[in-house]
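As the structure is a computational prediction, the values presented were derived from the model and not from experiment. Order of listing sets the numbers, starting from 1, for every ligand and every atom in it.
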Amino acid sequence: MWKTNRVTKRFRLDVPLVQGPMGGGYSTPELAARVSEAGALGSLGAYTLSPSELRAAVIALRERTARTFAVNLWVPRADEDRAPPDSDTWKGALAKTNAFRSELGLPASAAPERAAKLFEAQVEVLLELAPPVFSFTFGVPSADVLSAFRARGTALVGTATNVAEARALAAAGVDAIVASGADAGGHRGLFIGELPDALIGTMSLVPLICDAVSVPVIAAGGITDGRGIAAALTLGADAVQLGTAFIAAEQSGASEEHRAALVGEAGFHTYITRAFSGRPGRALRNRLVEELEADPARILPFPYQNALTMPIRRAAVAAARTDLQSLWAGQAAPLAQRGSTEQVLQRLIEQTERAFTRLTSK
Ligand SMILES: Cc1cc2nc3c(=O)[nH]c(=O)nc-3n(C[C@H](O)[C@H](O)[C@H](O)COP(=O)(O)O)c2cc1C
């Protein structure tokens, strides 16, 4: 009874479950394709991909599945256009990070850097390839971009961290809204208000957004097993999006240490930190987070902090060092279960069945 509703019909799914997009290589085309093939909605987090990488990834996904999948981008925010940090701020940030670099055998950072701005070129590629679903976070793309996708038959899914954002997305005519509660792993995709406005727990946010808009709602954040799925559907969500649960799947792009950390003692200690990218996001607390957060004034704003710490985090993965990786995770990380993508999804479905049976058989 929980498996069919307006979202499953609109997106032609067997179950109202979404594997959340996870940019930075965590949601591989293989992971997304296997989720879609298994009847849920697989998503490719693509915001870091160059136009040619994006094209190759979408083509790879299409070759692996004829079912519905989503491609996700970050909408640029005005604060990304800020000037590079002044020399005192830069020296402060270096003092904090160069020690990590030398520990990992990396040369000292030279000058503030930022990743190339990709959004417009990425949108051009996606308009040409017309994926079944275009999902986005950190804002609302222009009306022109949204109507160009609509004209190509691509469904639109926006992400809201509060009710004002959900109303803005509904007004823009999206097909579904991800209600992203503060329990979620990864960045807080805030675009209206201040950080506290993006820190509403999933249990509160989902019914608030369901009452505020008539567009289907996809609950996300801290939902890592079938009990959470049943609860979110009961709160009024039409579908549930899970990120951390799928990091634990063998086909995710996460490091082996990251997958193991989620389900170990470290999984109980998540933290919202600007340490990795300059934007707040939830991750496991490790040495990199602790040492950078000890002096928050020396954390650069996005995108400069992201560029500054990226080589450290990559080298830490290569060296299998959990203390210096970005171990993104939601608050329910220890509930994740390792296995193949299909096993992860199948267990979630069975647990949801059990949760509903338990409720109705009492
Ligand atoms: C490593 C990681 C990367 C993420 N990247 C994105 C992204 O690029 N775009 C996006 O809309 N959501 C992103 N998310 C959010 C997920 O899609 C999902 O909504 C979230 O993980 C749900 O919370 P949970 O981790 O507690 O399941 C990311 C989450 C994680 C853990």
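Each of I177 and L190 belongs to its own hydrophobic cluster when Ile, Leu, Val, Met, Phe, Trp and Tyr are linked at side-chain heavy-atom distances under 4.5 angstrom.
For atom 29 (C) of ligand 1, the closest non-hydrogen atom of the protein is G185 O, 3.3 Å. At the shortest separation from atom 30 (C) of ligand 1 among protein heavy atoms lies M22 CG, 3.7 Å. Here the heavy atom of the protein found nearest to atom 27 (O) of ligand 1 is G243 N, 2.9 Å.
Listed by atom number, the atoms of ligand 1 under 4.0 Å from G20 heavy atoms are 17 (O). The contact set between ligand 1 and G222, taken as ligand atoms under 4.0 Å from a residue heavy atom, comprises 23 (O), 24 (P), 26 (O). Near A220, with a cut-off below 4.0 Å to any heavy atom, the atoms of ligand 1 are 19 (O). Listed by number with element, the atoms of ligand 1 under 4.0 angstrom from any heavy atom of T137 are 9 (N), 10 (C), 11 (O). Residue-ligand proximity, Y47 to ligand 1, at heavy-atom distances under 4.0 Å covers atoms 8 (O). Here is the list of ligand 1 atoms found below 4.0 Å of a heavy atom in G23: 3 (C), 4 (C), 5 (N), 6 (C), 7 (C), 8 (O).
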- I would like to know whether R282 and T270 meet side chain to side chain donor-acceptor pair (under 3.5 Å); could you show each step before the answer? CA-CA 6 Å; R282 189 178 292 283; T270 69; 3.0 Å; yes
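Residue-level proximity to ligand 1 for F136 is absent, since no heavy atom of it falls below 4.0 angstrom. With a 4.0 Å cut-off on non-hydrogen atoms, N72 touches ligand 1 through its side chain and not its backbone. Contacts between V178 and ligand 1 below 4.0 angstrom, taking non-hydrogen atoms only, are absent altogether.
At least one heavy atom of P21 sits less than 4.0 Å from an atom of ligand 1. Not close to ligand 1: A332, with no non-hydrogen atom less than 4.0 angstrom away.
Ring-plane geometry between F302 and H187 is classed as perpendicular, the angle between the planes exceeding 60 degrees on a 0 to 90 degree scale with a lower cut at 30. Aromatic ring pairs are classed by plane angle as parallel below 30°, tilted from 30° to 60° and perpendicular above 60°; the pair W2 and F356 is tilted.
Closest heavy-atom approach to atom 22 (C) of ligand 1 within the set A182, G221, A179: this belongs to G221.
The N/O atoms of I247, backbone and side chain alike, include none that comes under 3.5 Å of an N/O atom in ligand 1. In terms of polar-atom proximity, defined here as any N/O pair under 3.5 Å, T244 does make such a contact with ligand 1. Some N or O of W74 is nearer than 3.5 Å to an N or O of ligand 1, by distance alone. Taking any N or O of L242, backbone or side chain, none lies under 3.5 Å from an N or O belonging to ligand 1. At least one N or O atom of Q241, backbone or side chain, sits closer than 3.5 Å to an N or O atom of ligand 1.
Between E291 and R298 no salt bridge is recorded (no basic side-chain N to carboxylate O distance below 4.0 Å).
For the side-chain hydrogen bond (donor to acceptor under 3.5 Å, both in side chains) with S326, the lone residue among R313, H258, R314 that qualifies is R313.
Environment of CD in E113: sparse, with no more than 12 heavy atoms of neighbouring residues, nucleotides or ligands closer than 6.0 Å. Within a 6.0 Å sphere centred on CD of E194, heavy atoms belonging to other residues, nucleotides or ligands number 12 at most. More than 12 heavy atoms of other residues, nucleotides or ligands lie within 6.0 Å of CZ in R64, so this atom counts as buried by the packing criterion.
The shortest distance between side-chain heavy atoms of D14 and K3 does not fall below 4.5 Å. Here the side chains of E165 and N162 are in contact, with some heavy-atom distance below 4.5 Å. In this structure, L324 and E103 have side chains that are in contact, with non-hydrogen atoms separated by less than 4.5 Å.
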